Amino acid sequence: MPAATVLLIPGDGIGAEVVPLAGRVLALLAPDLEFVQAEAGWTCFRRQGEALPAATLALARRADAILFGAVQSPSEDVPGYKSPILTLRRELDLWANLRPARSLPGHQPEFDLLIVRENSEDLYVGRERAIPGGFVAERVITGAASQRIAERACTQALHHAARTGRRPHLTIVHKANVLKKTDGLFRTSCLEVAARFPTIQVDEMLVDAAAMWLVRDPGRFDVIVTTNLFGDILSDLIAGLAGGLGLAPSANLGSGRVALFEPVHGSAPDIAGCGIANPLATLRCVVMLLHHLGRDEPARRLEAAIETVVANGPHTPDLGGRATTQEVVDAVRRYALA
Ligand code: NAI
Ligand code: MG
């Protein structure tokens, strides 16, 4: 296995608490990896005037994988502050966002699903302008971006089926009944691409209906492909169904080698500094990162260890327990290295 470099960007709040601990577990599971660490976020901005310093971006470009914690973003417009995670996704051209979620042990209904979210366009192009009496935001959808995300989703549908033993199944989620041009293009692009994968059962659903069915019967879904904003919202919904933000990982992938893994949660200022942040979302990111680097065996060991801790504890307060971040990490490490 060729040596690979992992960049750790802890960021702010609980990101800075969980990433160093998860990085140590990763180093134990894959001792040949090289680690570098870099700064980004609000604390970094206040210290150096930049939320994503050029040095961090340069390290990110050279890394094989990035483990990103979370950053705190001010809700009001702060001159000079730009969200480092949005900048990283754009600069590294990480156009696909994968968000898996599975039901907690013993929880009914059971589900194991993946949202493949387009990560480069839609309302996130951030083009807002004034009109008399208000503002307009531009929603950009292109055929090229829709096709490549559909291809990625189809490949994921095959992987997902291989792992779960279910049939390959993809659901295209959109709002083409109202957004006839933008989501119409997304829909037809996805259908065209999916037609090239004859083993995949393809269906489609309007986003509002998808939200309802995800709550009522998440087990009917396997892999969902959708546009950026809908994917953002629905993936937090499935995170909520699957035990909350403390358990939800995500991956940002592009066409090249580098990929960025981040928990879905933010910096959690309400619990930052208390030592009780749930580290399992970030440890699940480490599982995805290990797979990305071809380390499937330690990835499976870590995943099994996480599942054991999810089922049997110890649990941090968000899962109803009283354990600290450190105690949960220690338990996962013990199972993973046993
Ligand atoms: P949040 O995810 O930080 O917190 C929401 C709620 O979930 C809080 O009550 C928090 O304590 C809880 N929570 C989140 N992760 C947890 C964990 N691992 N263990 C236990 N409890 C956990 O979202 P919020 O409050 O909307 O945003 C806080 C800050 O984070 C904001 O500045 C926001 O801009 C930023 N943010 C950053 C993200 C990123 O870096 N990718 C993503 C989401 C928010
Ligand atoms: Mg979000």
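When a ligand or atom number is given, it counts from 1 through the structure's own listing order. In what follows, residues are counted from 1 in the order of the sequence shown. Keep in mind that what you see is a predicted model, and the values were worked out from it rather than measured. Quick note: numbers below take in every heavy atom, side chains included, and nothing from hydrogens, waters or symmetry partners.
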Subject >> hydrophobic_cluster_shared for Val225 and Val207, side chain cutoff 4.5 Å >> reply: no
For Glu262, the ligand 1 atoms with a heavy-atom partner under 4.0 Å come out as 41 (N)
Rounded to the nearest 0.5 angstrom, the CG-CZ distance for Leu191 and Phe186 is 10.0 Å
Can you confirm, on distance only, whether ligand 1 has an N/O atom lying under 3.5 Å from any N/O atom belonging to Gly266? yes
*State plainly whether the residues Asp32 and Arg295 are in salt-bridge range, i.e. N to O under 4.0 Å.*
yes
For Ser73, the atoms of ligand 1 under 4.0 Å from one of its heavy atoms are 32 (O), 34 (O)
The atoms of ligand 1 lying under 4.0 Å from a heavy atom of Ala268, numbered in the order shown, are 3 (O), 10 (C), 11 (O)
Here the atoms of ligand 1 under 4.0 Å from any heavy atom belonging to Ala70 are 40 (O)
Residues Asp112 and Arg166 bridged, charged N to O under 4.0 Å | no
A student checking ligand 1 against Gly246 at a 4.0 Å heavy-atom cut-off should list atoms 17 (C), 18 (N)
Note to self: So is Ala277 touching ligand 1 or not, going by heavy atoms under 4.0 Å?
What the structure shows: yes
Filtering Ser267, Pro279, Cys274, Ala248 for the heavy atom nearest atom 29 (C) of ligand 1 leaves Ser267
Counting heavy atoms under 4.0 Å, the part of Asn278 that contacts ligand 1 is both
Query raised in the report: Taking both backbone and side-chain atoms of Pro263, is any N or O found less than 3.5 Å from an N or O belonging to ligand 1?
Result: no
Would you say Val140 and Leu86 are hydrophobically clustered, going by side-chain heavy atoms of ILVMFWY under 4.5 Å?
no
Under 4.0 Å between heavy atoms, the region of Ile14 that gets near ligand 1 turns out to be side chain
| message | Taking the side chain as everything from C-beta on, heavy atoms only, tell me whether Val25 gets closer than 4.5 Å to Val286. | response | no
If hydrophobic clusters are built from ILVMFWY residues whose side chains come within less than 4.5 Å, do Ile85 and Leu67 share one? no
Q) Between Leu247 and Val19, is there a shared hydrophobic cluster once you connect ILVMFWY residues whose side-chain heavy atoms come closer than 4.5 Å? A) yes
| message | Side chain or backbone, does Asp270 bring an N or O within less than 3.5 Å of an N or O on ligand 1? | response | yes
Measure the distances from the heavy atoms of Leu245 to every atom of ligand 1 and state whether one is below 4.0 angstrom.
yes
Checking heavy atoms under 4.0 Å, the part of Val71 that sits near ligand 1 is both
**Asked** Should Asp183 and Arg139 count as an ion pair when the cut-off is N to O under 4.0 Å?
**Response** yes
If you group Ile, Leu, Val, Met, Phe, Trp and Tyr by side-chain heavy-atom gaps below 4.5 Å, do Trp95 and Leu260 land in one group?
no
Among Leu247, Ile271, Val18, closest by heavy atom to atom 22 (C) of ligand 1 is Ile271
Taking only non-hydrogen atoms of Pro269 and a 4.0 Å limit, the atoms of ligand 1 in range are 28 (C)
